[in-house]
Amino acid sequence: MELRSAHWYAGEHRNAYIHRAWMRRGVPGDAFTGRPQIAIANTASDFTPCNAHLTEVAASVKNGIYEAGGIPLELPVVSLGETNVRPTAMLWRNMAAMACEEMLRANPIDAVVLLGGCDKTIPALLMAAASVDLPAVVVPGGPMLTGTFRGAPLGCGTDVWRLSEEVRAGTLSQEQFSRSESAMIRSRGHCNTMGTASTMALVAEALGTVVPGVAGTPAPDSRLLEAAHGSGRLVVDMLAADRRPSTFLTKASFHNAIVALAAIGGSTNAVVHLLAIAGRLGVELTIDDFDRIGSHVPVLVDLQPAGRFLMEDFHRAGGLLAVLREVQDLLDPTALTVTGTPLVDYLSDAPIWDPEVIRTRSAPLVAEGGIAVLRGNLAPGGALIKPAAASPHLLQHRGPAVVFDSIEDFHARIDDPDLAVTADSVLVLRGCGPKGYPGMPEVSNMPLPKKLLEQGIRDMVRVCDGRMSGTAYGTVILHVTPEAAANGPLALVRTGDMVVLDVAARRIDVEVSEEDWARRTPNDATVTGFANPRRGWERLYIDHVQQADTGADLDFLIGSSGWKVSRESH
Ligand code: FES
């Protein structure tokens, strides 16, 4: 097979000389004669603490590539640290994906190993790999170890909210709270709850893009380096077999990813990421597939935020393969993995070692997990709710809307003692969609009004065109499509309108007469929000981003351009 990199390196002409000479730097000449050039797309960055260790992981990948006869070359790519990047990391996911795709295509690369961890990094890398369609394998950076504070385990993310609530309640001093800060991040690695990073690593494995059994290996565990080494060897085999994303990622792969997402009780963020990856591959995946395939799958994993344990426990208990074995009858047996072997072939020897952490099918944490897709006059394009995370008594509800035009408006008024809000109210937050914020931040699980918290109210119906953190919980209707800033009906709702939620019927509606509705116009703040950039990525993003129901990708990035570059370098 002729290597793609040969288009740069092969031959005696001047251009080939230039390509080789600048890359020699101590590398022997036979490096350029028929040996695969393998990129290691590395999202390590000091600004992405969850991924900072990936350069050590890359070293193990390199050893594996060398052993298999390839030439490893590190390719630093845009990295997104969830806790640092403003205004929200999701604004930059498509930019990271586009930059990685273009650099994979622009350089003499035959195949790639993708190193990610923090929330947006694995989705961005997979979107890029799908579009450039070179053989690619993901090595997830892995979760951090379990930290403890005052003798109890700390779930990062989830326990920040718990401890800060304890301070508000007077059961934890400010000094103790500050002291917990250095205990929150026990080790290298990403968040250790079943948040978005853990979810996306596991879903990437269920999709077939990670060597089965690797996702969820804690970042400091030496088995991660062993897996990285093995993935380096594997990618050279993948190249020889011409095993590119388009050759094995099918609707069946996404079916299995959706089953896994439900069974692990994973983050709703996986919906936009999987839709975006499918869009790059030309796989016809819709939000309704998440409801159809996933909503009757039991949740088997007892991890924070839904449950008790953390990712270190999950790995010890058997990891994803043990979960999938329990729901094997729901999986599509035809879906292949990076190894060329079907995912289901890895499940025969995948015991549950701790049934407290990974439940058996006969004793699930929640009988029916997954994500329900709602439609109605408030969300004609669809909206999501995670019923297992909601309060059962609120799954059917009718209450007056209390509307906020932006997250800033929300913060300014939510704790106002004079705000007309009761436990029956429906909190509506708009201006938080892909265009409106811009970037679709994780704000949909808005905190409850203080005066209701003091009355013991712990959940209310909330409706928003944004996303929510994978560590969040509550009766939250999110990803409302079209968003307010795209002239969705959400822009026209007024405080006092009656909102009707019926999850069993998959409906979310507002009771307003057609005549009244037709007379309404959105106010400027509702439609434009804070999105008024004049230049740069934000300008490009707002002009081209699609809605959440198709993955919030840019319209001109849908699909694959493949790896070909039509012109030589000049
Ligand atoms: Fe990086 Fe949570 S902040 S995974």
Side-chain angles (χ1 to χ4, degrees), residues 42-55 57 77-93 96 114-126 138-147 153-164 180-205 210 214-221 224 261 264-270 272-273 301 303-306 309-315 320 439-443 445 467-473:
N42 190 354
T43 53
S45 163
D46 286 343
F47 286 102
T48 308
C50 306
N51 295 15
H53 64 294
L54 289 180
T55 298
V57 177
V77 291
V78 174
S79 189
L80 301 172
E82 193 68 22
T83 54
N84 277 337
V85 175
R86 291 185 176 183
T88 175
M90 184 63 177
L91 173 64
W92 311 107
R93 181 202 66 176
L114 307 166
L115 305 187
C118 199
D119 292 16
K120 306 298 177 293
T121 52
I122 287 179
L125 292 169
L126 278 175
V138 176
V139 180
M144 66 185 75
L145 300 175
T146 302
L154 276 180
C156 57
T158 305
D159 274 333
V160 177
W161 317 130
R162 182 179 62 78
L163 293 172
S164 63
S180 74
E181 188 176 302
S182 60
M184 184 61 66
I185 304 303
R186 159 93 187 278
S187 73
R188 57 173 62 186
H190 61 65
C191 290
N192 56 10
T193 53
M194 190 56 80
T196 304
S198 302
T199 298
M200 288 313 302
L202 299 173
V203 161
E205 180 169 310
V210 178
V214 170
T217 305
D221 193 312
L224 178 68
L261 174 64
I264 62 175
S267 162
T268 48
N269 284 324
V272 278
H273 297 322
V301 176
L303 247 65
Q304 290 188 35
F309 298 99
L310 293 163
M311 283 299 287
E312 192 179 342
D313 306 303
F314 177 72
H315 187 250
L320 181 69
M440 211 182 170
E442 294 180 333
V443 294
N445 54 312
R467 297 174 302 118
M468 74 174 181
S469 163
T471 61
Y473 246 58

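In listed order, ligands and their atoms are each counted from 1.
Distance check for Cys50 against atom 1 (Fe) of ligand 1: an N/O/S atom falls below 2.8 Å. Within the 2.8 Å limit, Cys191 places at least one N, O or S atom next to atom 2 (Fe) of ligand 1.
The backbone N or O of Asp119 sits nowhere less than 3.5 Å from a side-chain atom of Glu82 that would complete a donor-acceptor pair.
Using a 4.5 Å cut-off on side-chain heavy atoms (C-beta onward), Leu125 and Val138 make no contact. Proximity of Lys120 to Val85: side-chain heavy atoms (C-beta onward) are nowhere separated by under 4.5 Å.
Which parts of ligand 1 touch Asp119 is read off a 4.0 Å heavy-atom cut-off, strictly below it: atoms 2 (Fe), 4 (S). Near Ala197, meaning under 4.0 Å from one of its heavy atoms, ligand 1 places the atoms 4 (S). Within the listing of ligand 1, atoms 4 (S) sit less than 4.0 angstrom from a heavy atom of His190. Listed by number with element, the atoms of ligand 1 under 4.0 angstrom from any heavy atom of Glu82 are 3 (S). Every atom of ligand 1 with a heavy atom of Cys118 under 4.0 Å away is listed here by number and element: 1 (Fe), 3 (S), 4 (S). Atoms of ligand 1 lying under 4.0 Å from at least one heavy atom of Thr83, given by number and element, are 3 (S).
There is a side-chain donor-acceptor pair under 3.5 Å between Ser79 and Thr48.
When each of Met440, Arg467, Glu442 is paired with Thr88, the side-chain contact (heavy atoms from CB on, under 4.5 Å) condition holds for Arg467 and for no other.
Here the CD1-CG distance, from Ile122 to Leu114, works out to 9.0 Å after rounding to the nearest 0.5 Å.
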